[in-house]
There are 2 protein chains.
Amino acid sequence: MVTIKEVAEEAGVSVATVSRVINQNGYVSEETLEKVKSVIDKLNYKPNSIARSLYHKTSNMIGLIIPDITNPFFPELARAVEDVAMMYGFKVVLCNSDQNPEKEMKYLDLFKEKYVDGIIFTTQSQESTVYSDLNVPIVALDRIGDTTIPSVVSNNYKGAKKATELLLQKGVKNIAHIRGPKNIAPSEARYHGFIDAVEGKGVNYTISEAEFQLKDAERKAEQFFETHTGIDGIFCSNDTIAAGFLKVALKKGIKVPEDLQIVGFDGSFFGEFIYPELTTVSQPIYDMGAVATRLLIKIIQGNQPEKLLYEMPTTIIERGTTR
Amino acid sequence: MVTIKEVAEEAGVSVATVSRVINQNGYVSEETLEKVKSVIDKLNYKPNSIARSLYHKTSNMIGLIIPDITNPFFPELARAVEDVAMMYGFKVVLCNSDQNPEKEMKYLDLFKEKYVDGIIFTTQSQESTVYSDLNVPIVALDRIGDTTIPSVVSNNYKGAKKATELLLQKGVKNIAHIRGPKNIAPSEARYHGFIDAVEGKGVNYTISEAEFQLKDAERKAEQFFETHTGIDGIFCSNDTIAAGFLKVALKKGIKVPEDLQIVGFDGSFFGEFIYPELTTVSQPIYDMGAVATRLLIKIIQGNQPEKLLYEMPTTIIERGTTR
DNA sequence: TTGTAGGCGTTATCAC
DNA sequence: GTGATAACGCCTACAA
């Protein structure tokens, strides 16, 4: 690694002058400017960002905490964060928390040590690690509750309500909702959306529960179809659950969408991989990541956010599992 | 952020002593040890890793370059790298190169600036950015060609051969291979595996090509089924292509696996999401990431790798798309 | 317009 | 056993 000192020597000037050239501040004569620039090129000098960080207490890095990159929801989100951060000259450090508060704390410490300029975190669980006193700009993604932190979420309640209404409007008479885990905020919101769509409408409905995992969904589906008959519409709390129920239904010879209609939630890419293709409530995942990142950068740059809650709209994508 | 100096003052000792306590080297009397430790706890002092990096020219960070985290192959890989790195006290910076050499170079510069201790890169294209002269321990994942760099790959050739032989053994008479792009090494290796399995065996075979993307695969599948009749077995270069072909086949009312058998490659998670479940050649993705990371850390710690090429075995997972 | 020097937080060498 | 102190690479008052 070539240092600023070497550049200075080679150019026959002081390090201060080189520094001025790099940072384009202070006075530098045209002549020395050219000279220094050419030496920088010649030596392929790149300022050491560690040293810079030490001085500025800033790193041009954004820390991103997600539960698990292996969960299909997050790669796109992470990608959006990276892309936008990149555009503004920030780098991203990505960490998987596994919803484990200890791991989360560990990463937060890491971030502080590394002088990250800001943090975006996505954690669907409701137990709150302490984010308030860490004195770094922060934005929450897909999380509600902590009303003091600027948040970007999609409208889970409304999306779920619309999805349920779609099923009813398509003629479903006996509807089921397979809800997600109780301690996960979006799952809760979707449940309420469903309830508010069916309550008082004179339709039969039933509620089951499954984890956001294929294996568990399949297991629950097996049980479900044995104990429930006559169900002709299911709204699942996410696409993974929907995929599990669809699979089991097909295996049992149930005709989809003729005899059973299914709607998922998320707009995961794999919804198009399966056949019939999954009708789903699509979240603007990439946009959510992009909005959150822009918001964070704004705060980093010293501007106050205009509002604390950014609710992003969901859209229904009608595909093969509804008529 | 509380600094070593503040701890020293509070404890009534010099920074040198505090440093000794933190790093557990040099002599410190039992008494001062206790004193300093308690102050560290009380002030919740964490050594600043930027300052450490500056001194040590080391960062406890590993740089990971992948083409695109949005491609289902990579999240698991990234996860493995992170998990193993974590176990050894390293952090991971993840970057998406989009197979773009410029972006790659940019990240490599970033890594050098940040004193990363080592780099793992995965790039399926064969054009080689210059990795040799960057003077940082490096390991290649899923890439062949540059024989000077320690590499971890799965046995694409052998897996493809086995997959093809499986189809033949299941009674397939008219077999097709949908190969991946020509400039991607694994796709090339799988092609050769297929060829070597069918050549001279007296079976009819045909070759088509598709991108590793669902939309393109579907388009190619539409064309394929129109121009080819009597095909009763297809080996696809990856699971995404297989998913596309399966979808179109089902749409056309072709019975799978009765009239058409399909085998994919990768062992992507979504193979279980579709119905019938995809028979596939599974790569030990997580293990590949883990092995590469351990290898890298070994090199970082100054040990020479025993060999330059680590070939990981593939396994066939027979599921619903074969009889 | 340019250079000197102190400081960012930590570690390691060398005195004491 | 412990404490100054120089050094890591860079930036910026302040001096010249």
Side-chain angles (χ1 to χ4, degrees), chain A residues 1-37 39-40 43-61 89 109-117 135-136, chain B residues 1-37 39-40 43-61 89 109-117 135-136:
Chain A
M1 280 299 274
V2 22
T3 72
I4 197 172
K5 213 170 147 190
E6 301 175 52
V7 175
E9 277 166 15
E10 178 77 18
V13 297
S14 76
V15 294
T17 303
V18 179
S19 178
R20 284 189 196 102
V21 172
I22 304 165
N23 300 296
Q24 316 194 46
N25 58 14
Y27 297 98
V28 182
S29 77
E30 192 62 29
E31 197 182 354
T32 46
L33 183 76
E34 288 311 318
K35 175 75 188 158
V36 171
K37 270 187 172 168
V39 173
I40 286 178
L43 268 46
N44 187 27
Y45 165 72
K46 299 262 191 314
N48 179 299
S49 63
I50 294 286
R52 279 191 156 163
S53 289
L54 187 57
Y55 185 89
H56 283 121
K57 294 179 185 310
T58 223
S59 64
N60 279 312
M61 296 207 303
D109 282 340
L110 168 70
F111 288 165
K112 291 194 76 170
E113 273 172 38
K114 298 273 187 202
Y115 291 137
V116 298
D117 299 316
N135 218 15
V136 177
Chain B
M1 278 297 274
V2 22
T3 72
I4 197 172
K5 213 168 147 191
E6 300 175 53
V7 175
E9 277 165 17
E10 177 78 19
V13 297
S14 76
V15 293
T17 303
V18 178
S19 179
R20 284 189 196 101
V21 171
I22 303 164
N23 301 295
Q24 317 195 46
N25 57 14
Y27 297 98
V28 181
S29 77
E30 193 62 30
E31 198 181 353
T32 44
L33 182 77
E34 288 311 320
K35 175 74 187 159
V36 171
K37 271 187 170 167
V39 173
I40 287 178
L43 267 46
N44 188 26
Y45 165 72
K46 298 259 190 317
N48 179 301
S49 63
I50 294 284
R52 279 188 157 163
S53 289
L54 186 59
Y55 187 89
H56 282 123
K57 292 177 184 309
T58 222
S59 64
N60 280 312
M61 297 207 302
D109 282 340
L110 168 71
F111 288 166
K112 291 194 76 171
E113 272 172 39
K114 298 271 188 202
Y115 290 137
V116 298
D117 298 318
N135 218 15
V136 176

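Per chain, numbering begins at 1; letters A, B, ... match sequence-line order.
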*Asks:* Assign each of B:Ser14 and A:Val15 to its nearest nucleotide of DNA chain D by heavy atoms, then name whichever residue's nucleotide is nearer the 5' end.
*Replies:*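 Closest to the 5' end, via its nearest nucleotide, is B:Ser14.
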
*Asks:* What I want to check is whether the side chains of A:Lys46 and A:Asn44 have a donor and an acceptor closer together than 3.5 Å.
*Replies:*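 Their side chains do contain a donor-acceptor pair, which is all the 3.5 Å distance test asks for.
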
*Asks:* Specify the residue among A:Thr17 and B:Tyr115 whose closest nucleotide of DNA chain D lies further upstream toward the 5′ end.
*Replies:*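 Mapping each residue to its closest nucleotide by heavy atoms, the 5'-most match is B:Tyr115.
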
*Asks:* Any sub-3.5 Å donor-acceptor pair from A:Thr58's side-chain atoms to A:Ser53's backbone N or O?
*Replies:*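 Such a contact is absent between A:Thr58 side chain and A:Ser53 backbone.
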
*Asks:* Check the phosphate of D:dT12 against A:Tyr27, side-chain N and O only, distance under 4.0 Å to OP1 or OP2. Yes or no?
*Replies:*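 Checking A:Tyr27 against D:dT12: no side-chain N or O falls below 4.0 Å of OP1 or OP2.
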
*Asks:* Rounding to an integer number of Å, can you tell me how far B:Asn25 CG sits from D:dT2 P?
*Replies:*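 Answer to the nearest Å: 14 Å.
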
*Asks:* Tell me: CD1 of A:Ile4 to P of D:dC8, nearest whole Å?
*Replies:*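 About 14 Å, once rounded to whole Å.
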
*Asks:* Nearest to the side chain of A:Ala16, which nucleotide is it out of D:dC10, D:dT12, C:dC8?
*Replies:*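 So the side chain of A:Ala16 is nearest to D:dT12.
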
*Asks:* I need the CD-C1' distance between A:Glu30 and C:dT2, as an integer number of Å.
*Replies:*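 Taking atom C1' of C:dT2 as the reference, CD of A:Glu30 is at 16 Å.
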
*Asks:* Return the minimal non-hydrogen interatomic distance between B:Val18 and B:Val13, and the atom names on each side.
*Replies:*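 Taking every non-hydrogen atom into account, CG2-CG2, 3.8 Å.
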
*Asks:* Return the value, rounded to whole Å, for the distance between atom CD1 of B:Ile50 and atom P of C:dG9.
*Replies:*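 To the nearest whole Å, that distance equals 12 Å.
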
*Asks:* Whole-Å distance between C:dG3 C1' and A:Lys35 NZ?
*Replies:*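 In whole Å, C:dG3 C1' lies 18 Å from A:Lys35 NZ.
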
*Asks:* In whole Å, what is the span from the CG atom of B:Asn48 to the P atom of C:dG7?
*Replies:*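 From B:Asn48 CG to C:dG7 P: 18 Å.
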
*Asks:* Could you check how far NZ of B:Lys46 sits from P of C:dG9, rounded to whole Å?
*Replies:*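 In whole Å, C:dG9 P and B:Lys46 NZ are 17 Å from each other.
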
*Asks:* How long is the line joining CD of A:Glu113 and C1' of C:dT10, in whole Å?
*Replies:*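 Between C1' of C:dT10 and CD of A:Glu113: 12 Å.
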
